[in-house]
S.K.: 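Submitted below is the structure of interest, expressed as structure tokens.
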Amino acid sequence: MPYSHVNTQRAGHSLSKRLIRKAGLTATVLMLAVFGVAHWVGTDMLDRISGARDEALAHEVAARVAVLRAQSIQKIDVLGAALAARHETPSLGDDALDALLKHSFDSMPELGRLWIVGRPLEPGAMPSLAELRGMARLLARNGAGNGQPAGLGEADHDLMRRAVETGRIQSGAAQATESEPFSEKLATVVMPVVVGHEVAGVIGYDARMGIWIRIGEQIEPRLQPSGTDLTILSRNGTYLFNRDRSLLGKPLSAGSGDEGAVSSQEAEALRSGTAFSHLRTGASGKAVRRVGIPVPNMTGEYRHYVMLDAPLPVMALLDVRIALFGLFCIASLTVFLFLLGRMVRRMVGFPLEQIRIGIQLLDQGRDEVTPPAALLERTDQIGDIVRVMEALRRSQGERRELREMVIRNARDVERMISAIDAALDMIVVLDIDQTVIYANQAACSLMGAPDPDALLGHRLSALEDPNTTLRRAELRLTDVLESNGFWEGQFEDYRTVFGACVPAMEVRFTRRPNGDIVVIGRDVSARQAAAREKADLEHRLSQQDKMDAVGRLAGGIAHDFNNLLGAMTGYADFLLSDLPAGSPQRDYADRIRRVCNRAKDMVQQILAFSRSGEAVLANTKPARVLSDVSILLRTSIPSTVSLRVDAVDDLPDIRANATQLVQVLVNLAINARDALPEETGRISVSAGVWTGEGDPAFDCGPGWATYKALPPAAGQRHVMFEVADNGSGMNEEVIVKAFDPFYTTKEQGKGTGLGLAVVIGIVKAHGGGLVVCSRLHTGTALRVFIPVGDAATPAVEEVELVDLPQLRAKRRCRILVVDDEGDMGDMVSVGLERIGHEVAVCEDPQDAIDAFDEDPDAFHLVIIDQTMPGISGVALIRLLKAKRPDLPCILYTGYSRLVDQAAATAAGADAFFQKPVQMSVLAETVERLLDDASGASSDCDEAIPPVTV
């Protein structure tokens with residue numbers, strides 16, 4: 001047992017006490033140094049922090065002053081827009097412009113004068129002052145609130161001339177006239193109204209002191225809690241705002257040091273428009289930090305200046321905190337010294353006492369007592385002493401341990417032999433001459449021997465089939481053993497003289513130092529078969545994962561694209577309704593509508609490929625399909641390639657989606673084009689009837705490889721579309737992989753590997769077949785089999801354009817459209833308003849919820865999109881129905897895997913549409929639902945209170 005528990009009362013502690021005293025003295029000196037550095041650093045950091053805070057506050061105030069200044073005269077911009085609109089539309093009267101001028105002047109009491117010249121002015125041909133007075137409309141605050149254009153002076157005329165010549169805002173010091181006196185003028189500003197490259201007129205005004213007083217009074221409450229004083233100055237040093245209102249409009253005084261309102265350095269910074277920050281004595285006699293910063297300049301105006309006097313932070317609080325920090329350090333030092341004493345005693349005192357006890361035990365001959373493991377693992381001098389003691393203890397019991405070791409080894413050898421004999425792997429030991437000197441039971445079973453005696457004493461080559469021995473010689477197994485010391489590999493069709501045959505066996509030969517060779521063999525035939533099955537399964541799962549990934553991608557594209565198509569289709573309908581028949585613009589709108597319909601079919605094709613949607617199949621004429629294919633291929637196939645598109649007469653109708661089938665044939669023809677050398681050769685697209693009897697790969701020719709990627713149903717009539725070329729062709733390996741997603745033999749950037757995967761997905765959705773015939777350097781023929789249609793399958797219907805003006809609402813109702821896609825929501829709003837309804841649009845579903853919380857009866861019908869941020873359309877319908885069960889609700893979606901007609905109805909929707917939805921169909925559904933709900937709700941013609949959404 002280890003001597004871990006010993007009596008340490010007699011252990012000396014003089015070493016521990018000396019260590020603790022020295023540690024305490026060192027810690028005390030360091031603590032005093034920390035106090036001094038903390039006080040010095042804290043004072044400096046507090047000053048830096050307060051300075052950065054005051055400068056940040058000054059920047060914030062300057063920016064706020066600039067914003068408020070811009071807001072105070074923003075109605076001048078409205079007046080300029082009105083003047084520009086009058087220039088664009090000369091038929092507009094002057095009464096509206098005069099009313100806007102008076103309204104702007106009355107709403108801006110800070111302006112002393114406001115005038116406009118509403119006639120175009122040309123640089124270099126400025127009218128005289130008298131002429132300008134005749135053209136100007138002027139308002140002034142001279143007691144009566146009005147003025148005469150004669151109030152314009154030479155200074156005003158000069159500013160207007162410069163504004164017209166430069167096309168920019170001009171400003172100057174305001175001047176009072178004898179006929180139009182007014183007080184507190186600051187500046188006169190003239191703004192040209194430029195339309196295109198022409199000056200349509202000018203706007204002028206005089207800014208008064210009241211602007212800056214109001215701006216300062218809005219900002220001053222923000223600074224009062226901190227005791228900071230705000231001063232706003234002009235560039236020439238005039239007080240625009242100050243807590244002492246008697247200073248407003250007066251120039252500030254400058255002096256040296258703290259004399260005067262500002263120092264000479266501050267006055268110089270004010271004139272140059274630069275910022276400054278420093279300490280000085282305030283008006284109250286206390287130290288303050290003064291920060292000055294220019295206000296962001298407005299074009300055409302003088303630069304203004306903001307000056308803040310912020311009180312300095314109280315240093316006494318820092319001294320108190322440092323004192324508290326010192327008390328905390330003293331307490332921490334006391335705890336540290338206590339813990340240090342305990343640690344030194346544990347690390348030095350106790351181990352020394354244990355070493356003394358161990359030496360006494362060794363002196364008594366008690367070698368069975370071991371030292372503690374913690375002492376043996378130490379890496380210092382104490383650990384070295386304990387390890388020497390352990391070596392002495394072991395030397396005393398070496399004979400006893402040696403005897404016990406021999407007994408244990410004998411038992412281990414016996415167990416090892418039993419374990420080897422029970423092993424499932426073949427284990428054979430050969431001597432230096434490759435004669436078998438040991439073989440376990442598994443070796444007998446694998447080699448077909450009746451017992452180990454049939455193998456012992458025989459050379460390995462005499463026990464193997466000659467072909468197996470020859471293979472070992474071809475692998476140079478003996479040479480590899482001599483150089484590397486081992487050889488491992490696999491023998492196929494391993495045979496022995498006992499008639500045993502192993503299809504696949506893994507073997508490892510290892511040479512031991514004495515020259516013996518250990519052979520370990522294992523039958524891996526079953527494992528290889530399982531591995532092949534696993535690889536095949538993983539391949540199929542990988543293809544499925546790829547298809548699922550493409551499906552998710554297609555679903556996301558379909559949702560966003562259908563939203564865009566819905567808006568485009570609706571606006572195209574509006575154009576068709578508004579434009580006269582026979583006009584080119586109506587023809588353009590009709591083309592937009594047809595392109596949108598084709599794009600809709602393309603989206604359905606993508607969804608059909610990804611198994612996210614189902615193609616709409618109808619009886620279709622093959623001739624129509626080939627006609628569309630011929631039109632599309634004219635621009636896709638070079639003129640150097642011979643293209644032929646034909647079909648036999650009287651082909652039966654097929655059950656297909658025409659758009660998707662055209663895409664299939666065009667895709668195959670494009671692949672055929674890419675297989676032609678140097679874009680020369682021939683491509684043919686043809687159609688015929690396959691009765692469903694015989695081989696669908698008929699007439700492919702000798703030497704051609706055939707692959708039934710999707711065998712057509714036997715015994716059923718099909719129309720066979722064939723795309724053939726005389727290009728490079730494919731071998732059997734490429735043909736088998738050609739329909740895997742993302743597999744391509746084209747160069748980087750010239751193919752995605754999805755073309756043929758799309759083709760087989762569409763053909764499979766049609767219930768058809770796909771057969772490939774190809775031969776290298778000869779050509780390829782791909783045959784698409786589509787089942788013949790029957791009488792129960794509907795024929796393709798042409799979509800009739802609806803004249804929207806013919807749709808008129810029976811009564812005016814309030815309708816809410818909730819759609820996060822703004823263009824789609826606006827289109828629905830315009831369409832319903834065109835037939836007479838009042839429509840509100842919410843892009844955020846939370847706005848709709850808030851509107852219904854405020855007044856559940858505000859709307860007569862709601863149209864909701866399914867996919868929106870925060871809440872789905874189905875969930876929103878449930879929420880609105882809970883507030884008002886009789887509310888008619890229409891749900892539409894660009895694409896959703898979770899919602900269809902049944903799910904929408906179960907959620908409470910009264911109608912469901914898939915985008916893009918025809919506006920006339922949506923309007924008719926709205927009318928029907930409003931008719932159904934008219935008995936349970938108030939009449940739509942009644943006045944509806946305004947609702948804020």
S.K.: Rounded to the nearest 0.5 Å, what's the gap from CZ on F913 to CD1 on I863? Could you check?
M.R.: 8.5 Å
S.K.: Decide salt bridge (charged side-chain N to carboxylate O under 4.0 Å, His left out) for R586 and D590; before the verdict, give the C-alpha distance in whole Å, the side-chain angles of both, and the deciding distance to 0.1 Å.
M.R.: CA-CA 6 Å; R586 182 181 175 90; D590 181 57; over 6 Å; no
S.K.: If the condition is side-chain hydrogen bond (donor to acceptor under 3.5 Å, both in side chains), which residues does D819 pass it with, not counting sequence neighbours?
M.R.: Y892, K915
S.K.: Would you compute the distance between atom CD1 of I815 and atom CD of E833 and round it to the nearest 0.5 angstrom?
M.R.: 9.5 Å
S.K.: Taking the basic N atoms (NZ, or NE/NH1/NH2) and the acidic carboxylate oxygens, is any pair closer than 4.0 Å for D106 and K102?
M.R.: yes
S.K.: Ignoring hydrogens, what is the shortest heavy-atom contact between V839 and L832? Give both atom names and the distance.
M.R.: CG2-CB, 3.6 Å
S.K.: Scan L661, V788, I786, I654 and name whichever one has a side-chain contact (heavy atoms from CB on, under 4.5 Å) with P622.
M.R.: I654
S.K.: Backbone N or O of F859 within a donor-acceptor pair of the R884 side chain at under 3.5 Å?
M.R.: yes
S.K.: Given I864, which of V874, V817, L876, I871 fulfils the side-chain contact (heavy atoms from CB on, under 4.5 Å) condition?
M.R.: L876
S.K.: Under the side-chain hydrogen bond (donor to acceptor under 3.5 Å, both in side chains) test, which residues partner E843, sequence neighbours left out?
M.R.: none
S.K.: With sequence neighbours left out, what residues match Q901 under side-chain hydrogen bond (donor to acceptor under 3.5 Å, both in side chains)?
M.R.: T905
S.K.: In the structure I gave you, are the side-chain heavy atoms of Y571 and I592 within less than 4.5 Å of one another anywhere?
M.R.: no
S.K.: If you round to the nearest 0.5 Å, how far is CZ of R811 from NE2 of H860?
M.R.: 9.0 Å
S.K.: So, using side-chain hydrogen bond (donor to acceptor under 3.5 Å, both in side chains) as the criterion, who are the partners of D628 when residues are at least two apart?
M.R.: none
S.K.: Please evaluate residues H837 and L930 with respect to the criterion side chain to side chain contact (heavy atoms under 4.5 Å, CB included), reporting the C-alpha separation (whole Å), side-chain torsions for both, the decisive distance (0.1 Å), and the verdict.
M.R.: CA-CA 11 Å; H837 292 297; L930 290 174; 3.7 Å; yes
S.K.: CE/M191 to CD1/I76 distance, rounded to the nearest 0.5 angstrom?
M.R.: 6.5 Å
S.K.: Starting from the C-alpha separation in whole Å, work towards a yes-or-no answer on side-chain hydrogen bond (donor to acceptor under 3.5 Å, both in side chains) for Q663 and N667.
M.R.: CA-CA 6 Å; Q663 181 66 18; N667 200 335; over 6 Å; no
S.K.: So, do Y205 and F105 have ring centers that fall under 6.0 Å from each other?
M.R.: no
S.K.: Is the shortest distance from a Lys or Arg side-chain nitrogen in D653 or R624 to a carboxylate oxygen in the other one below 4.0 Å?
M.R.: no
S.K.: What residues, two or more places apart in sequence or in another chain, satisfy side-chain contact (heavy atoms from CB on, under 4.5 Å) together with L83?
M.R.: L97, V193, I203
S.K.: Distance check, rounded to the nearest 0.5 Å: T620 atom OG1 versus N657 atom CG?
M.R.: 7.0 Å
S.K.: Minimum heavy-atom separation for G167 and V194, please, with both atom names.
M.R.: O-CG2, 4.2 Å
S.K.: Within the supplied structure, the quantity of interest is the number of heavy atoms (other residues, nucleotides, ligands) at a distance under 6.0 Å from K881 NZ; does it exceed 12?
M.R.: yes
S.K.: Would the distance check show the side chain of S104 and the main-chain N or O of L100 forming a donor-acceptor pair, the cut-off being under 3.5 Å?
M.R.: yes
S.K.: Under the ring-ring contact (aromatic ring centres under 6.0 Å, His included) test, which residues partner F912, sequence neighbours left out?
M.R.: none
S.K.: Taking only Lys NZ, Arg NE, NH1 and NH2, and the carboxylate oxygens of Asp or Glu, determine whether D853 and K883 approach each other closer than 4.0 Å.
M.R.: yes
S.K.: Kindly compute the distance separating CG (D910) from CG (L891), expressed to the nearest 0.5 Å.
M.R.: 10.5 Å
